[in-house]
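As a basis for the values below, the full set of heavy atoms in this structure was taken, side chains included, without hydrogen atoms, waters or symmetry mates.
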Amino acid sequence: MAIQILLVEDNPGDVRLSSEALKESDLPYCLNVVIDGAQAMTFLRREECYGHAPRPDVIMLDLNLPRKNGLEVLQEIRSDQELKDIPVIILTSSDSDLDVLVAYKKQASAYLVKPSSLSQYNEVIDAIVALCQ
């Protein structure tokens with residue numbers, strides 16, 4: 001059975017890298033992508049055009065998003081009874097100790113810094129795959 005992944009990412013290059021790395025993994029998956037924090041919450045709550053959206057098995061969440069940042073999204077997910085048990089993996093370019101600390105305080109499942117090459121992205125995706133199994 002395919003793992004439902006929600007990728008919340010506004011950078012098309014990072015979406016492409018994540019998609020390519022997932023294709024190279026052995027994980028059967030279905031990838032859904034939204035481009036900002038507000039759209040992520042609409043997807044997760046199955047509102048508006050996302051009425052038939054699948055419930056994600058895991059969320060890959062960037063921190064630096066338009067409209068609603070990743071930490072706000074994480075906090076909303078963790079405070080929602082229907083969503084709070086979904087693993088949320090922060091996948092961001094920020095290696096700030098404060099961002100890491102705040103993300104874990106808000107109950108992120110993992111915090112991974114985005115790599116710049118496909119081979120390094122594959123390692124990150126392998127870590128995410130391990131969390132999904």
Side-chain angles (χ1 to χ4, degrees):
M1 186 165 163
I3 302 241
Q4 294 290 331
I5 300 171
L6 175 60
L7 174 61
V8 187
E9 175 60 67
D10 63 322
N11 182 319
D14 289 339
V15 170
R16 186 178 44 76
L17 277 172
S18 293
S19 181
E20 290 299 317
L22 279 164
K23 285 178 190 171
E24 292 185 17
S25 76
D26 292 333
L27 182 71
Y29 70 93
C30 179
L31 181 65
N32 293 283
V33 179
V34 295
I35 59 171
D36 65 49
Q39 193 178 31
M41 294 313 302
T42 302
F43 181 99
L44 289 166
R45 292 185 174 131
R46 297 179 178 150
E47 298 169 341
E48 300 172 15
C49 64
Y50 299 111
H52 296 289
R55 177 183 165 85
D57 295 306
V58 65
I59 300 167
M60 295 166 48
L61 177 64
D62 188 17
L63 290 184
N64 301 309
L65 296 167
R67 296 178 56 201
K68 187 177 290 195
N69 74 42
L71 292 174
E72 292 171 317
V73 172
L74 177 60
Q75 186 167 342
E76 278 192 53
I77 291 169
R78 292 302 182 234
S79 64
D80 187 310
Q81 284 300 114
E82 299 296 316
L83 306 173
K84 70 180 185 178
D85 62 329
I86 301 172
V88 178
I89 299 167
I90 303 298
L91 184 58
T92 185
S93 57
S94 173
D95 61 358
S96 158
D97 290 342
L98 182 58
D99 284 343
V100 174
L101 179 65
V102 172
Y104 280 120
K105 277 186 116 167
K106 293 182 183 285
Q107 301 175 329
S109 304
Y111 190 105
L112 302 171
V113 176
K114 290 178 192 172
S116 56
S117 72
L118 182 57
S119 63
Q120 291 172 323
Y121 238 93
N122 288 341
E123 292 174 21
V124 167
I125 296 301
D126 287 345
I128 291 169
V129 168
L131 286 171
C132 293
Q133 295 175 332

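Without hydrogens or angle criteria, Ser109 side chain to Val88 main chain gives a donor-acceptor distance under 3.5 Å. For the pair Asn32 (side chain) and Leu6 (backbone), a donor-acceptor distance under 3.5 Å is absent. Of the possible polar contacts, one joining the Arg78 side chain to the Lys84 backbone as a donor-acceptor pair under 3.5 Å is found. Formation of a donor-acceptor pair under 3.5 Å by the Gln39 side chain with backbone atoms of Ile35 is found in this model.
Taking Asn11 as the reference, Glu9, Asp14 meet the side chain to side chain contact (heavy atoms under 4.5 Å, CB included) condition, with sequence neighbours excluded. With sequence neighbours left out, Asp95 forms a salt bridge (charged side-chain N to carboxylate O under 4.0 Å, His left out) with no residue at all.
Met41 and Leu71 fall within a single hydrophobic cluster, where Ile, Leu, Val, Met, Phe, Trp and Tyr side chains are chained together by heavy-atom contacts under 4.5 Å. No single ILVMFWY cluster, assembled from side-chain heavy atoms under 4.5 Å apart, contains both Leu112 and Tyr104. Val34 and Leu31 are members of different hydrophobic clusters when ILVMFWY side chains are connected at heavy-atom separations under 4.5 Å. Cluster membership for Ile3 and Leu22, using ILVMFWY side-chain heavy atoms within less than 4.5 angstrom, is shared.
The environment of Asp97 atom CG is sparse: at most 12 non-hydrogen atoms of other residues, nucleotides or ligands sit within 6.0 angstrom. In Glu47, the CD atom is crowded: over 12 heavy atoms of neighbouring residues, nucleotides or ligands sit closer than 6.0 Å.
A salt bridge does not link Arg67 to Asp10: none of the charged side-chain nitrogens sits closer than 4.0 Å to a carboxylate oxygen.
The shortest side-chain heavy-atom distance between Ile77 and Gln107 does not fall under the 4.5 Å cut-off. Residues Glu72 and Leu65 fail the side-chain proximity criterion, which asks for heavy atoms closer than 4.5 Å. In this structure the side chain of Glu76 reaches within 4.5 angstrom of the side chain of Arg45, judged on heavy atoms.
Closest approach of Tyr111 and Ser94 over heavy atoms only: OH-O, 2.8 Å. Summarising the geometry of Ser93 relative to Val113, their closest heavy-atom pair is O-CG1, 4.0 Å, with the distance given to 0.1 Å. Taking all atoms of both residues into account, the shortest heavy-atom contact from Lys68 to Ala38 is CB-N, 3.7 Å.
Here CD1 of Ile89 is found 13.5 Å from CG of Asp62. Values are rounded to the nearest 0.5 Å. Atom CD1 in Ile86 sits 8.5 Å away from atom CG in Asp57 (nearest 0.5 Å). In this structure, OG on Ser19 lies 10.5 Å from CD on Glu24, to the nearest 0.5 angstrom.
Each of Leu61, Leu74, Leu63, Leu44 was compared with Val8 under the side chain to side chain contact (heavy atoms under 4.5 Å, CB included) criterion, and only Leu61 meets it.
Among residues at least two apart or in separate chains, there is no ring-ring contact (aromatic ring centres under 6.0 Å, His included) pair with a member in residues 4-26.
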